[in-house]
Amino acid sequence: MSGYYTIHDPLIERVMLTEDEIAETCERLGRRITEDYRGKELVLVSLLRGSLVFLADLCRHVQLDLKLDFMAISSYGSGEAVRIVKDLDEDIGGKHVLVVEDIVDTGLTLHYLLGVLAGRSPASLAVCALMDRRARRIADVPIAYRGLEIPDVFVVGYGIDLGGRYRNLPYVAVVRDEVMG
Ligand code: 5GP
Ligand code: MG
């Protein structure tokens with residue numbers, strides 16, 4: 001049962017996005033992306049590891065001939081300095097690149113990534129994010145395909161972790177306040 005993990009885990013407060021809501025969102029975004037990129041050479045760029053589950057569901061709603069590529073970025077703690085831990089395997093020059101993100105918070109990660117990718121001369125560059133938490137935005141990043149806006153609470157599940165755990169939850173859940181301090 002999908003509810004089991006939540007009910008019995010003391011760190012989790014409640015479900016915020018259900019499996020159904022997430023599935024509808026993937027379908028809606030996938031349909032729009034399919035329409036917008038028809039006839040174009042599309043590469044979906046996923047940021048490891050949090051956006052992996054979203055990418056897997058989203059890409060199956062994009063009915064186009066596309067490629068997937070992966071990148072991993074690490075921050076040096078809480079500052080703005082980020083670095084590439086794993087780079088893309090293929091050249092994106094001349095390709096239409098859509099960055100797939102799990103959640104945009106301060107926007108600093110995406111701001112950095114978009115800067116790096118823009119320097120490689122893609123034909124176009126845009127962002128698709130499952131969740132948008134605007135309350136904490138610092139860098140104003142354009143989100144062409146926005147899934148759901150979420151309030152200022154820490155979430156886990158559906159690819160998103162807390163200390164490496166909870167990525168396999170099929171829904172997005174809110175972590176108890178006491179846990180986050
Ligand atoms: P930003 O650079 O926009 O502040 O941070 C984006 C990244 O921070 C996300 O891709 C995600 O990995 C992480 N993040 C932001 N909010 C949350 C959250 O509520 N829970 C978890 N587990 N990670 C988050
Ligand atoms: Mg992420």
Side-chain angles (χ1 to χ4, degrees), residues 2 5-6 12 14-37 42-75 82 84-89 92 95-114 117 124-137 141-175:
S2 61
Y5 206 161
T6 298
I12 299 234
R14 63 186 160 88
V15 173
M16 192 173 70
L17 305 178
T18 65
E19 291 186 62
D20 282 352
E21 281 176 288
I22 294 171
E24 281 166 22
T25 303
C26 289
E27 208 180 318
R28 169 170 60 86
L29 294 174
R31 210 180 305 123
R32 280 188 50 209
I33 293 166
T34 303
E35 287 164 11
D36 293 354
Y37 288 91
L42 175 62
V43 183
L44 299 182
V45 169
S46 163
L47 268 187
L48 295 172
R49 283 169 269 185
S51 66
L52 184 65
V53 177
F54 176 44
L55 173 81
D57 284 341
L58 177 74
C59 76
R60 284 177 285 179
H61 289 288
V62 181
Q63 283 151 26
L64 298 172
D65 184 13
L66 57 77
K67 288 187 175 177
L68 305 180
D69 210 338
F70 300 87
M71 203 159 178
I73 281 175
S74 191
S75 73
V82 283
I84 297 172
V85 174
K86 184 228 170 288
D87 208 337
L88 298 175
D89 288 326
I92 55 164
K95 311 274 172 63
H96 292 269
V97 174
L98 182 60
V99 175
V100 176
E101 244 299 40
D102 45 10
I103 176 166
V104 183
D105 190 36
T106 64
L108 292 173
T109 307
L110 261 186
H111 180 77
Y112 168 79
L113 181 73
L114 292 176
L117 297 181
S124 72
L125 182 58
V127 174
C128 174
L130 175 65
M131 288 175 273
D132 183 8
R133 188 194 286 117
R134 281 150 79 140
R136 287 166 44 86
R137 192 65 33 85
V141 286
I143 304 175
Y145 304 91
R146 176 183 288 114
L148 302 155
E149 283 198 33
I150 64 161
D152 193 8
V153 288
F154 193 80
V155 295
V156 292
Y158 199 69
I160 304 169
D161 75 309
L162 174 61
R165 297 177 62 210
Y166 302 108
R167 291 194 198 275
N168 60 325
L169 286 181
Y171 43 80
V172 173
V174 179
V175 175

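This structure is a prediction, so every number in the text was calculated from the model and none was measured. What you see below is based on every heavy atom in this structure, not just the backbone, and it leaves out hydrogens, waters and symmetry mates.
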Can you tell if the side chain of Leu130 reaches within under 4.5 Å of the side chain of Asp102, non-hydrogen atoms only? no

List the steps and the verdict of side-chain contact (heavy atoms from CB on, under 4.5 Å) for Ile103 and Arg133. CA-CA 7 Å; Ile103 176 166; Arg133 188 194 286 117; 3.6 Å; yes

Do you know the tightest heavy-atom contact between Ile12 and Ala173? CG2-CB, 3.7 Å

Got a second to check how far Thr18's OG1 is from Glu24's CD, nearest 0.5 Å? 7.5 Å

Side-chain contact, heavy-atom cut-off 4.5 Å: Leu88 with Val43? no

Ion pair present between Arg31 and Glu35, side-chain N to carboxylate O less than 4.0 angstrom? no

Can you find a heavy atom in the side chain of Leu17 that is under 4.5 Å from one in the side chain of Val155? no

Search all heavy atoms of Ala129 against all heavy atoms of Val104 and return the closest pair with its distance. CB-CG2, 3.7 Å

Side-chain heavy-atom pair Leu58, His61 within 4.5 angstrom cut-off: no

Ignoring hydrogens, what is the shortest heavy-atom contact between Cys59 and Ala56? Give both atom names and the distance. SG-O, 3.6 Å

Approximate separation, where rounding is to 0.5 Å, of Leu113 CG and Leu108 CG: 12.5 Å

Look at the aromatic rings of Tyr37 and His96 and report parallel, tilted or perpendicular, splitting at 30° and 60°. perpendicular

What's the shortest heavy-atom distance between Leu114 and Pro142, and which atoms? CD1-CD, 4.2 Å

Is it the case that more than 12 heavy atoms not belonging to Asp152 sit under 6.0 Å from its CG atom? yes

Minimum heavy-atom distance Cys128-Ile33, with the two atoms named: SG-CD1, 4.1 Å

Could you go step by step and tell me if Leu148 and Val172 meet the side-chain contact (heavy atoms from CB on, under 4.5 Å) rule? CA-CA 11 Å; Leu148 302 155; Val172 173; over 6 Å; no

Inter-residue atom distance Lys67.NZ - Leu44.CG, 0.5 Å rounding: 12.5 Å

Supply the atom-to-atom distance Tyr158 OH to Glu19 CD, rounded to the nearest 0.5 angstrom. 9.5 Å

Any sub-3.5 Å donor-acceptor pair from Ser51's side-chain atoms to Phe54's backbone N or O? no

Contacts of Arg134 that satisfy side-chain hydrogen bond (donor to acceptor under 3.5 Å, both in side chains) - sequence neighbours left out: Glu149

Option from Leu48, Val85, Leu117 for which side chain to side chain contact (heavy atoms under 4.5 Å, CB included) with Met71 holds: Leu117

Got Asp69 and Ile92 here, is their nearest side-chain heavy-atom distance under 4.5 Å? no

For residues Tyr112 and Val141, determine if any side-chain heavy atom of one lies less than 4.5 Å from a side-chain heavy atom of the other. no

Taking the side chain from Thr34 and the backbone from Gln63, do they hold a donor-acceptor pair closer than 3.5 Å? yes

Heavy-atom donor-acceptor pair, Arg32 side chain to Arg28 backbone, under 3.5 Å: no

Quick check: does any side chain N or O of Arg137 sit under 3.5 Å from a backbone N or O of Asp132, one acting as donor and the other as acceptor? no

State which residue, out of Asp89, Leu42, Leu55, fulfils the side chain to side chain contact (heavy atoms under 4.5 Å, CB included) condition with Leu68. Leu55

How about Lys86: does its NZ atom have over 12 heavy atoms from other parts shown lying under 6.0 Å from it? yes

In Å, rounded to the nearest 0.5 Å, how long is the span from CG of Leu110 to CD1 of Ile73? 8.0 Å

Do the non-hydrogen side-chain atoms of Val175 and Tyr166 ever get within less than 4.5 Å of each other? no

State, yes or no, whether a side-chain contact exists between Met16 and Pro151 at a heavy-atom distance under 4.5 Å. yes

